[in-house]
Amino acid sequence: MMKESYLGVNVSPLSYEGIIEDLRQRILNGDQSTIIAVNPEKVIAAERDPQVKQLINSSTYQIADGIGILLAAKIKGGNITSRVTGVDMMAKLLEFATAEKLPVYFYGAQEEVVTKAISSIQETNPGILVAGYTNGFEKDEDALVERINTSGAKLIFVALGSPKQELWIQRNMGRLQNVQVFQGVGGSFDVFSGTVKRAPLLFRKLGIEWLYRLISSPSRIKRQMNLPIFLMKVLRSR
Ligand code: UDP
C-alpha cells in the first residue's frame with residue numbers, strides 16, 4: 001500500500017471499503033492491524049516529538065480524518081481526495097464485525113457514555129457480538145489486558161483521546177495476541193452515545209465540520225489553530 005507523507009507523517013490513501021478489504025486479508029493471515037486518525041493537530045505534535053511521529057508512522061492505517069489533510073493533498077498534488085473519519089471508520093468496522101461475527105471490545109470514556117454507546121450500537125447492528133467493555137478510567141492495566149484476553153475480542157476500539165489511546169495500544173498489543181484490529185477512536189463513544197452531537201450533514205458535506213465544532217465549543221479554537229499553522233507549513237515544505 002503506497003502511503004503519502006505530509007511533513008514526514010504517513011497517510012494511507014485507502015477508502016473505508018479499501019481498508020476493510022485489506023483488513024479482511026490481514027485477519028486471514030493472522031496479522032494484527034492498527035488504525036490511527038491523522039489530523040493537523042497530530043502532524044504538528046509529530047513534528048515536535050519524534051516518538052509521536054514513530055507512533056503514527058508505525059500504524060497499519062493512518063486515516064485522513066479532517067479537511068486539513070485533504071487540503072494538504074490538494075496543495076501537494078496528492079491522491080487523497082476524501083476524508084476517512086475516525087467515527088465513520090468505526091461505524092464501518094462495526095458492520096464488518098457484525099457480518100463476520102467477530103467479537104468487539106469497547107474501552108474508554110465515562111461509564112455512562114460507553115454503556116449508552118454500546119446500546120445504541122446494538123440497535124443499529126443487531127446481532128453484534130459485544131465481548132465486553134471497560135470505562136476509560138480503569139487504573140489496573142494488567143487486569144484490563146487479562147479481561148480483554150479472556151473476553152475473546154477480535155476487535156477493540158480504544159477511546160482515551162490522543163496520544164493516550166495510541167500509547168496504550170502500542171504498549172499492550174503484544175500481549176493481546178488474539179485481538180486483530182485496534183482502532184484509537186478519541187471522542188467517538190461520546191458521539192455514538194448521543195452525548196456529543198455530530199455536525200449536521202450539510203456541514204460535513206461542505207467539509208466545514210470544524211466550523212460546527214468550533215461554534216458548539218469555542219474553547220476548541222486553541223486546538224483548531226493547528227489547521228492554518230499546518231497549512232502554512234505544508235505550503236512552505238518542498
Ligand atoms: N478519556 C478516557 N480516559 C482518560 C481521558 C479521556 O476515557 O483518561 C475519554 C473521554 O471521556 C472522552 C475521550 O477519552 O470520551 C476523549 O475524547 P476527545 O474528543 O478529547 O479525543 P480526540 O478525538 O480529540 O483525541
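Throughout, numbering of the chain's residues begins at 1 and tracks the sequence. Worth saying up front: this structure is predicted, and the values here are computed from it rather than measured. Whatever order the structure lists ligands and atoms in, that order sets their numbers, starting from 1.
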Checklist entry - Counting heavy atoms not belonging to Glu138, are there more than 12 under 6.0 Å from its CD? => result yes

Checklist entry - Numbering the atoms of ligand 1 from 1, which are under 4.0 Å from a heavy atom of Gly161? => result 14 (O), 16 (C), 21 (O), 25 (O)

Checklist entry - Among Asn135, Leu160, Val185, which residue meets the side-chain contact (heavy atoms from CB on, under 4.5 Å) test with Tyr107? => result Leu160

Checklist entry - How close do Met90 and Phe189 get, heavy atom to heavy atom, and via which atoms? => result CE-CE1, 3.6 Å

Item to check | Non-hydrogen atoms of Leu231 and Gly68 that approach each other most closely | outcome: CD2-O, 4.0 Å

Checklist entry - For Val185 and ligand 1, does the shortest N/O to N/O distance drop below 3.5 Å? => result no

Checklist entry - Side chain, backbone, both or neither: which part of Phe137 comes within less than 4.0 Å of ligand 1 when only heavy atoms are counted? => result side chain

Checklist entry - Using heavy atoms and a threshold below 4.0 Å, how should the contact between Lys42 and ligand 1 be classified: side chain, backbone, both, or neither? => result neither

Checklist outcome for this item: atom 15 (O) of ligand 1 sits nearest the protein heavy atom Asp190 OD1, 2.5 Å

Checklist entry - Of all the non-hydrogen atoms in the protein, which one sits nearest to atom 6 (C) of ligand 1, and at what distance? => result Leu160 O, 3.4 Å

Next on the checklist: With respect to Gln165, determine whether any N or O atom, backbone or side chain, lies less than 3.5 Å from an N or O atom of ligand 1.
Outcome noted: no

Checklist outcome for this item: So for Lys164 against ligand 1, with non-hydrogen atoms under 4.0 Å, the contacting part is side chain

Checklist entry - In terms of side-chain geometry, is the basic nitrogen of Asp142 or Arg175 positioned less than 4.0 Å from the acidic oxygen of its partner? => result yes

Checklist entry - Any idea which protein heavy atom is nearest atom 11 (O) of ligand 1, and the distance to it? => result Ala109 CA, 3.5 Å

Next on the checklist: Any non-hydrogen side-chain atom of Phe192 less than 4.5 Å from a side-chain atom of Val87?
Outcome noted: yes

Checklist outcome for this item: Of Gly187, Ser188, Ala117, the residue with the heavy atom nearest atom 17 (O) of ligand 1 is Gly187

Checklist entry - Considering only protein heavy atoms, which is closest to atom 20 (O) of ligand 1, and at what distance to one decimal place? => result Arg223 NH1, 4.1 Å

Checklist entry - Based purely on interatomic distance, does Ala159 place a nitrogen or oxygen under 3.5 Å from a nitrogen or oxygen of ligand 1? => result yes

